[in-house]
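The structure appears below as structure tokens.
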Amino acid sequence: MNSYEDEFRNYLKENGLKFTPERQLILKGVFSLHKHFDIDQLWEKLHRKDRRLSRATIYRTLPLLVECNLIQETLRCQGRVQYEHIFGHEHHDHLVCLKCGKIIESREERIEKLQEEICKRYHFKAVEHRLGIRGYCQKCQNKMKGT
Ligand SMILES: [Zn+2]
Ligand SMILES: [Zn+2]
Ligand SMILES: [Zn+2]
């Protein structure tokens, strides 16, 4: 199996793009984060390593990683777009707290299976799906009750 670096290199090559040191740094950074992250968090982390790296470069690079199926956008919450790497990870769905931004990951075979059945019914070949539930986590619910 290819490494994420091979995947990205091949993708760039096919699209006539170069594997620049900046792109390499961003790729490594993305795979060193094991939680959901947004662009600011990634930039803060990487900027410490390379002061020349700009947010704009990150903005331009993340869509390439999405395109290449290495990362995905999770839910948009509180106006922020969160990403996570998916290469080498099992598919899962998200529950997002609107108040504190907490993200719970879950995988439910019955839901996955149902979706396959729906696709079959419409002779539809699925490539991806995203299930997200927005709401309030237990802690925030308790806080809301308490006040
Ligand atoms: Zn799912
Ligand atoms: Zn919460
Ligand atoms: Zn996730």
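Quick caveat, the model's predicted, so the values are computed rather than measured. We count ligands from 1, going down the list as the structure has it; atoms in each ligand are counted the same way.
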For this session: May I have the angle between H94 NE2 and E105 OE2 with its vertex at the Zn ion (ligand 3), rounded to 10°?
Result: 130°

Exercise. Going by chain and residue number, what protein N/O/S atoms come nearer than 2.8 Å to the Zn ion (ligand 2)?
Worked result: C97 SG, C100 SG, C137 SG, C140 SG

For this session: Would you give the angle at the Zn ion (ligand 3) between E84 atom OE1 and H36 atom NE2, to the nearest 10°?
Result: 90°

Exercise. Would you call K28 and E5 a side-chain contact if the rule is heavy atoms closer than 4.5 Å?
Worked result: yes

For this session: Is it possible for you to say whether F37 and I86 belong to one hydrophobic cluster, with membership spreading through side-chain heavy-atom contacts below 4.5 Å?
Result: no

Exercise. With a 4.0 Å cut-off, would you call K113 and E117 a salt bridge?
Worked result: no

Problem set entry | Whether N10 side chain and E7 backbone form a donor-acceptor pair below 3.5 Å | no

For this session: Under the side chain to side chain donor-acceptor pair (under 3.5 Å) rule, what do H89 and E105 come out as? Steps first, then yes or no, please.
Result: CA-CA 12 Å; H89 280 257; E105 298 190 331; over 6 Å; no

Exercise. Transitively linked via ILVMFWY side-chain contacts under 4.5 Å: I71 with Y11?
Worked result: yes

For this session: Check which protein N, O or S atoms are less than 2.8 Å from the Zn ion (ligand 1) and report how many there are.
Result: 5

Exercise. Is the backbone N or O of H91 less than 3.5 Å from a side-chain atom of R107, with the two atoms forming a donor-acceptor pair by type?
Worked result: yes

Exercise. For the residue pair F31 and H85, does the interplanar ring angle fall in the parallel (under 30°), tilted (30 to 60°) or perpendicular (over 60°) class?
Worked result: parallel

Exercise. Roughly how far apart are W43 CH2 and I58 CD1, rounded to 0.5 Å?
Worked result: 8.0 Å

Problem set entry | Same cluster (ILVMFWY, side-chain, under 4.5 Å), I133 and V81 | no

